[in-house]
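A short write-up of the structure that comes next.
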There are 2 protein chains.
Amino acid sequence: MDMNERKLKILEAIIRDYIETGDPVGSRTISKKYDLGVSSATIRNEMSDLEELGLIVQPHTSAGRIPSDKGYRMYVDGMMKRCHITPEVEEVITNLIKEKINRVDTLVEETAKLVAMLTNCATIAMTPPISQVRIKHIQLVPVDDYSVACVVVTDTNSVKNYVIPTPKAIDFNMCMALTNILNESIKGSTLSQISLNQLKYSIEEKMKEYGDIAGSVLQAIDNTLKQEDSPEIYIRGANNILDFNGMDDKDKTRTLLKLFEEKPYLSKILDQSKPNTVTIRIGEENVLTPMKDYSVVSTSYRIGEHAIGNIGIIGPTRMDYDQVVSVLEYVSYHITNMLKELGH
Amino acid sequence: MDMNERKLKILEAIIRDYIETGDPVGSRTISKKYDLGVSSATIRNEMSDLEELGLIVQPHTSAGRIPSDKGYRMYVDGMMKRCHITPEVEEVITNLIKEKINRVDTLVEETAKLVAMLTNCATIAMTPPISQVRIKHIQLVPVDDYSVACVVVTDTNSVKNYVIPTPKAIDFNMCMALTNILNESIKGSTLSQISLNQLKYSIEEKMKEYGDIAGSVLQAIDNTLKQEDSPEIYIRGANNILDFNGMDDKDKTRTLLKLFEEKPYLSKILDQSKPNTVTIRIGEENVLTPMKDYSVVSTSYRIGEHAIGNIGIIGPTRMDYDQVVSVLEYVSYHITNMLKELGH
DNA sequence: GTTAGCACTCACTAAACCCGAGTGCTAACT
DNA sequence: AGTTAGCACTCGGGTTTAGTGAGTGCTAAC
């Protein structure tokens with residue numbers, strides 16, 4: 001048995017209707033609401049085939065059909081339509097980006113909020129990890145005898161700081177000296193391009209008067225930056241998960257809420273997305289077990305050439321894929337665009 | 001009609017039992033489980049009085065009684081007992097504090113997590129606002145022509161940065177010059193003690209060669225610091241709110257979840273707490289409307305003399321007040337203690 | 001003032017029941 | 001061969017009914 005034009009149409013009708021209403025959809029509904037020119041009996045036969053193909057399932061005998069993960073997959077691969085972004089939304093987005101353009105962190109945070117509002121899904125957004133963005137300025141500031149703050153200004157105009165324990169006492173003058181040398185060496189590059197360790201010898205050379213301290217401080221900085229290369233992660237619209245499960249399932253809701261407090265896990269969820277496209281993982285397609293009950297749709301935006309941030313949503317497998325994908329595409333496209341100049 | 005010894009005992013029994021079981025408690029239960037030496041009929045009469053006094057209520061005829069807000073109030077005011085912190089918990093707390101002592105931010109975050117775990121309530125914790133902590137070092141770093149980053153190292157060894165738009169172009173040398181002067185003036189003080197505006201004239205004097213730029217930059221810094229004087233706020237154990245309402249009430253749960261994404265609101269919740277004590281607001285006692293369905297228990301910890309951070313929990317009015325108060329007291333006492341040296 | 005006894009209330013549960021949406025199958029029709 | 005009408009059957013969900021038991025309030029006796 002094979003797919004044919006009519007089967008596809010019926011599948012699409014089932015999915016559209018189910019996404020809209022949330023009720024299992026029966027043959028009669030389709031023959032009435034969607035104009036296929038055949039009777040419900042014929043549709044019934046086709047539906048029986050679709051079920052055999054694993055594209056739809058029956059929650060129980062004598063109920064209508066609902067799409068399976070595989071059915072949704074076929075839908076998003078072939079039948080999904082981009083949907084229209086209303087002018088009002090468009091305006092909100094552009095304003096948002098314009099206003100916040102100087103603060104990438106808050107821009108991303110606000111974007112997450114917006115996407116959550118538009119999609120009714122829990123939205124995760126993260127800034128690029130520090131190692132991927134170009135560094136405009138780096139500054140060491142003494143904190144106490146055995147620690148310095150390393151302040152990094154990126155070309156996205158966000159400022160990060162790291163408190164770094166140093167192996168040896170370090171004073172203000174030395175901070176300044178090291179700051180100067182560091183800036184000369186790495187200004188305009190990303191940390192993933194330049195390994196601080198490579199600089200070690202040349203810097204020890206230049207800072208002879210401080211002995212081997214400079215080198216070991218550098219080492220400490222390198223370690224900390226590598227360890228704490230974690231981006232900012234925002235989650236917004238968490239309340240939407242209350243509608244995902246048939247409310248019976250408090251345990252699943254709880255599990256999600258707990259995960260939302262684990263930043264490393266959130267970044268794992270978004271890691272799945274590939275650059276320049278919207279990635280959709282439906283139900284069982286998800287690698288991470290707790291996500292197997294949901295769909296994850298994610299994409300990325302770029303800042304300049306290298307820096308890549310992610311944004312994505314978690315929602316029920318029964319979600320309005322058309323809309324979600326449209327929103328994400330639109331948002332990521334615009335963030336990337338508006339930030340283009342910053343990263344050249 | 002008046003309270004007497006026996007009525008108090010009965011009230012206490014009702015509250016203890018209800019907190020433990022969650023079921024409305026009847027006269028028979030009390031006469032069996034708690035040894036008051038009188039029959040259920042007598043207790044019944046007393047309960048009728050207690051109800052008249054507004055201390056307990058009946059969810060419906062022919063159900064047992066449950067405490068009212070007023071009843072809980074009488075309980076926490078007079079009958080609550082500190083409860084024992086188990087040695088294991090004690091160890092966890094001390095280890096936590098020892099490990100994280102250098103990073104006040106993460107210390108507070110981890111503490112919130114711990115408290116959430118121990119109390120099964122949603123826990124909010126916040127660091128002191130920057131204006132309250134002593135400043136160890138302040139550093140201006142150029143970001144682009146029209147903005148500088150102001151990096152503030154506090155005597156709690158946490159580092160904050162603020163990106164500040166400047167009215168006029170500002171270069172590296174000027175940053176350094178201003179940095180030096182600022183440090184001389186405000187090192188060791190808190191921003192609430194010293195108004196940057198006071199410094200304006202003396203600084204313009206010292207930096208004559210830059211014209212009035214220094215003054216206006218200072219102004220900009222002052223503005224930003226005042227505006228963004230917001231502390232870090234952490235919320236942990238949000239999932240616990242799923243157990244607060246009788247699951248029927250999805251709306252209330254949703255409202256809470258939404259609020260948890262509004263940092264200013266969270267800080268408002270904790271603002272209610274008075275220094276050096278554990279503050280308890282039961283149900284209707286809360287000023288903030290959405291909190292009127294819950295109890296908020298909060299306290300503060302100190303860093304040095306001035307800096308005050310808050311930590312508190314939101315839970316159902318039916319919560320184990322004994323335990324919650326004990327945990328909060330213990331935790332705040334220990335944070336304050338361990339951080340004492342830092343803030344002298 | 002305390003207690004035993006008793007009638008009454010009412011939420012909650014389970015069982016019985018009905019309804020309707022939906023299916024699958026068969027037989028007839030094109 | 002594909003399509004359709006007709007029909008028996010299934011089963012989830014809602015409604016009704018009855019029963020149960022925890023708990024109260026009142027009264028009368030101790």
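Letters A, B, ... mirror the listed sequences (proteins, then strands); counts begin at 1. Values below: all heavy atoms of this structure, side chains included; hydrogens, waters and symmetry mates excluded.
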The Watson-Crick or G-U wobble partner of D/dG21, with both key distances under 3.5 Å, is C/dC10
Sidechain N-carboxylate O distance under 4.0 Å for B/R82, B/D322: no
Is any side-chain nitrogen or oxygen of A/T42 closer than 4.0 Å to OP1 or OP2 of D/dT4? yes
Could you check how far CD of A/E51 sits from P of C/dT23, rounded to whole Å? 10 Å
Identify whether the distance between the nearest side-chain nitrogen and carboxylate oxygen of A/R73 and A/D69 falls below 4.0 Å. no
Heavy atoms only, 4.0 Å cut-off, all strands: where does B/S40 land among base, sugar-phosphate and nothing? nothing
Identify which nucleotide among D/dG23, C/dT23, C/dT3 has an atom closest to any side-chain atom of A/Q58, counting heavy atoms from C-beta outward. C/dT23
Report yes or no: is there a donor-acceptor pair, N or O only, under 3.5 Å between the side chain of B/S62 and the base of D/dT24? no
Would you indicate, yes or no, if C/dT26 has its OP1 or OP2 atom less than 4.0 angstrom from a side-chain nitrogen or oxygen of A/R44? no
Does B/R65 make a side-chain N or O approach to OP1 or OP2 of D/dT24 shorter than 4.0 Å? yes
Taking only the side-chain nitrogens and oxygens of A/T61, find out if one of them lies under 4.0 Å from OP1 or OP2 of C/dT23. no
Check this for me: does any side-chain nitrogen of one of B/E261 and A/K113 sit under 4.0 Å from a carboxylate oxygen of the other? no
Donor-acceptor pair between A/Y234 and A/T123 side chains, under 3.5 angstrom: no
Look at the side chain of A/S27 and decide which nucleotide, out of C/dT23, D/dT24, D/dG23, has an atom nearest to it. C/dT23
Taking B/R318 first and then B/E20, would you say they form a salt bridge - that is, a charged N and a carboxylate O separated by under 4.0 Å? no
C/dT3 OP1/OP2 closer than 4.0 Å to side-chain N/O of B/S39: yes
Should A/R6 be listed as having a side-chain N or O under 4.0 Å from OP1 or OP2 of D/dT3? yes
A/N45 or A/P24, whichever maps to the more 5' nucleotide of DNA chain C: A/P24
So which nucleotide does D/dA29 pair with, by the Watson-Crick or G-U wobble rule with both distances under 3.5 Å? C/dT2
